[in-house]
Peer 1: 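This structure is in structure tokens; I'll ask about it shortly.
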Amino acid sequence: MQQCYGSIIRRQQHLIRCLSTKMQSFSMSGLEVDAVSVLRSLAPALDPNKHKGQAGKIAVLGGCREYTGAPYFTAISALKIGADLSHVICTKDAAPVIKSYSPELIVHPLLEESYNVRDEDKQSISTRVLAEVDKWLERFDCLVIGPGLGRDPFLLDCVSEIMKHARRSNVPMVIDGDGLFLVTNCLELVSGYPLAVLTPNINEYKRLVQKVLNCDVNDQDGPQQLLSLANSIGGVTILRKGHSDYISDGKEVKSVSIYGSPRRCGGQGDILSGSVAVFLAWARQLASKGEHNTNPAMLGCIAGSALMRKAASVAFEDKKRSTLTTDIIECLGRSLEDICPVH
Ligand SMILES: NC(=O)C1=CN([C@@H]2O[C@H](COP(=O)(O)OP(=O)(O)OC[C@H]3O[C@@H](n4cnc5c(N)ncnc54)[C@H](OP(=O)(O)O)[C@@H]3O)[C@@H](O)[C@H]2O)[C@@H](O)CC1
Ligand SMILES: Nc1ncnc2c1ncn2[C@@H]1O[C@H](COP(=O)(O)OP(=O)(O)OP(=O)(O)O)[C@@H](O)[C@H]1O
Ligand SMILES: [Mg+2]
């Protein structure tokens, strides 16, 4: 008898779970975007008349003594998706390590951390770093700021200055990882800049909500809270990563729930930031020709999210529990080809 009750209760619990998942997907369905069509509309033709650089020049600001994997993941993903050139601007210590991962990346050993700098030299070093980065800045179609950047105060001060210059030159910026730590403590760096994209994970989102909206994350009304957050930061675009990705520029909210993988190894957010950067650059090119009138930052996030999730699902099919970020990177090309074949 007891066994019988047990199985009835388990069955009821199962039905409740199914129902709540269904209800969740009904309430989301209005927000879910046709991400595959967006991705197809952004991918440029492989035209033999184009020259190197026209498919995108991306730069990642990140890589310090602690983290060298994250900037590599971001920069190599941008190349594998189709950007022509991918730069990494990192600390002097991190540069030889990142170079050794790949000869494809252009690595600039420019940034310095406090432990390497005397107080009296800080001003001159900061000026020199800024002058060096300035030589390149306007050539970049998008900057990704933060993967593996670390939180050294002197380094973050230099990065703040670089961001101010990038903003003056209208260079789009995808802010991730420690870049979000910086921006959360100094919102004016991005506030009111429509070419800024923030890609917070669960922790980074919590910190942003607490700082900007002065309350806790409200999962009952997640999309509305995301909209208010993007609005309160002056119309930046925010991609809130999770089981579904939610994207808002303060005017609308969209979700991307297709594909995905149950494996949560570190580094997937780094692939995403590289992916968003490339699609954002492509969306801006189309916008400049009058071929798209939706916010390019929204389009870049939608396509970037769809491709990352597709590659993760393809890698998981093969590698299951042993899926690593490098396996997902290897699936970027095939996933793009499945969605958007080269003619
Ligand atoms: N293979 C690689 O190289 C990879 C490198 N990665 C890189 O790692 C960096 C951090 O990103 P993440 O995702 O670990 O940040 P997150 O979830 O907020 O923190 C988790 C917990 O750690 C803590 N904490 C973090 N950093 C801290 C610091 N410097 N100093 C002190 N505390 C720190 C944090 O504490 P809290 O701030 O919440 O108090 C929280 O409890 C970022 O640059 C990312 O790109 C990843 O992309 C993965 C692959
Ligand atoms: N529960 C989930 N189910 C499916 N996909 C997910 C889930 N959580 C996150 N993702 C996807 O994984 C990617 C990375 O998100 P995640 O939250 O792991 O970022 P992150 O913590 O910044 O990663 P990183 O380790 O690179 O810093 C996003 O594209 C998101 O769509
Ligand atoms: Mg991250």
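As the structure lists them, so they are numbered: ligands from 1, and atoms in each ligand from 1. Worth knowing before you read on, the calculation uses all heavy atoms, side chains too, and leaves out hydrogens, waters and symmetry mates. This structure is a prediction, so every number in the text was calculated from the model and none was measured.
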Peer 1: Is it the case that over 12 heavy atoms from other parts of the model lie below 6.0 angstrom from the CD atom of E138?
Peer 2: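 Not more than 12 within 6.0 Å, no.
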
Peer 1: Write down, by chain and number, every protein residue that brings a non-hydrogen atom to less than 4.0 Å from an atom of ligand 1.
Peer 2: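 Only Y67, G69, A70, F73, G146, P147, G148, L149, R151, D178, N201, N203, R207, G267, D270 have heavy atoms that fall under 4.0 Å of ligand 1, ordered by chain and number.
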
Peer 1: What distance separates L280 CG from M173 CE, expressed to the nearest 0.5 Å?
Peer 2: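 Atom-to-atom, L280:CG and M173:CE are 11.0 Å apart.
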
Peer 1: For N293, I'd like to know if atom CG has over 12 heavy atoms of other residues, nucleotides or ligands within 6.0 Å.
Peer 2: no

Peer 1: Which residues pass the side chain to side chain donor-acceptor pair (under 3.5 Å) test with T68, sequence neighbours left out?
Peer 2: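 For T68, the residues satisfying side chain to side chain donor-acceptor pair (under 3.5 Å) (neighbours in sequence not counted) are Y101.
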
Peer 1: Check L226 against Y205 and note the closest heavy-atom contact, atom names and distance.
Peer 2: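 For L226 versus Y205, the nearest heavy atoms are CA-OH, 3.4 Å.
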
Peer 1: Tell me, please, which residues at least two apart from L227 pass side chain to side chain contact (heavy atoms under 4.5 Å, CB included).
Peer 2: Q224, S248, V253

Peer 1: Are there over 12 heavy-atom neighbours, none belonging to K206, within less than 6.0 Å of that residue's NZ?
Peer 2: no

Peer 1: Angle between ring planes, F279 versus W282, binned at 30° and 60°: parallel, tilted or perpendicular?
Peer 2: perpendicular

Peer 1: Which atom pairs, nitrogen or oxygen on both sides, join ligand 2 and the protein at under 3.5 angstrom?
Peer 2:
residue: ligand 2; atom: 3 (N); partner: R264; partner atom: NH1; Å: 3.4
residue: ligand 2; atom: 8 (N); partner: G242; partner atom: O; Å: 3.4
residue: ligand 2; atom: 10 (N); partner: G242; partner atom: O; Å: 3.4
residue: ligand 2; atom: 10 (N); partner: R264; partner atom: NH2; Å: 3.2
residue: ligand 2; atom: 12 (O); partner: R264; partner atom: NH2; Å: 3.4
residue: ligand 2; atom: 19 (O); partner: K241; partner atom: NZ; Å: 3.4
residue: ligand 2; atom: 21 (O); partner: N201; partner atom: ND2; Å: 2.9
residue: ligand 2; atom: 22 (O); partner: K241; partner atom: NZ; Å: 2.7
residue: ligand 2; atom: 23 (O); partner: G269; partner atom: N; Å: 3.2
residue: ligand 2; atom: 25 (O); partner: G267; partner atom: N; Å: 2.7
residue: ligand 2; atom: 26 (O); partner: G267; partner atom: N; Å: 3.1
residue: ligand 2; atom: 26 (O); partner: Q268; partner atom: N; Å: 3.3
residue: ligand 2; atom: 26 (O); partner: G269; partner atom: N; Å: 2.8
residue: ligand 2; atom: 26 (O); partner: D270; partner atom: N; Å: 3.1
residue: ligand 2; atom: 26 (O); partner: D270; partner atom: OD2; Å: 3.4
residue: ligand 2; atom: 31 (O); partner: D245; partner atom: OD1; Å: 2.8
residue: ligand 2; atom: 31 (O); partner: D245; partner atom: OD2; Å: 2.7
residue: ligand 2; atom: 31 (O); partner: R309; partner atom: NH1; Å: 3.0

Peer 1: Just wondering, do L272 and S305 contact through their side chains at under 4.5 Å, heavy atoms?
Peer 2: yes

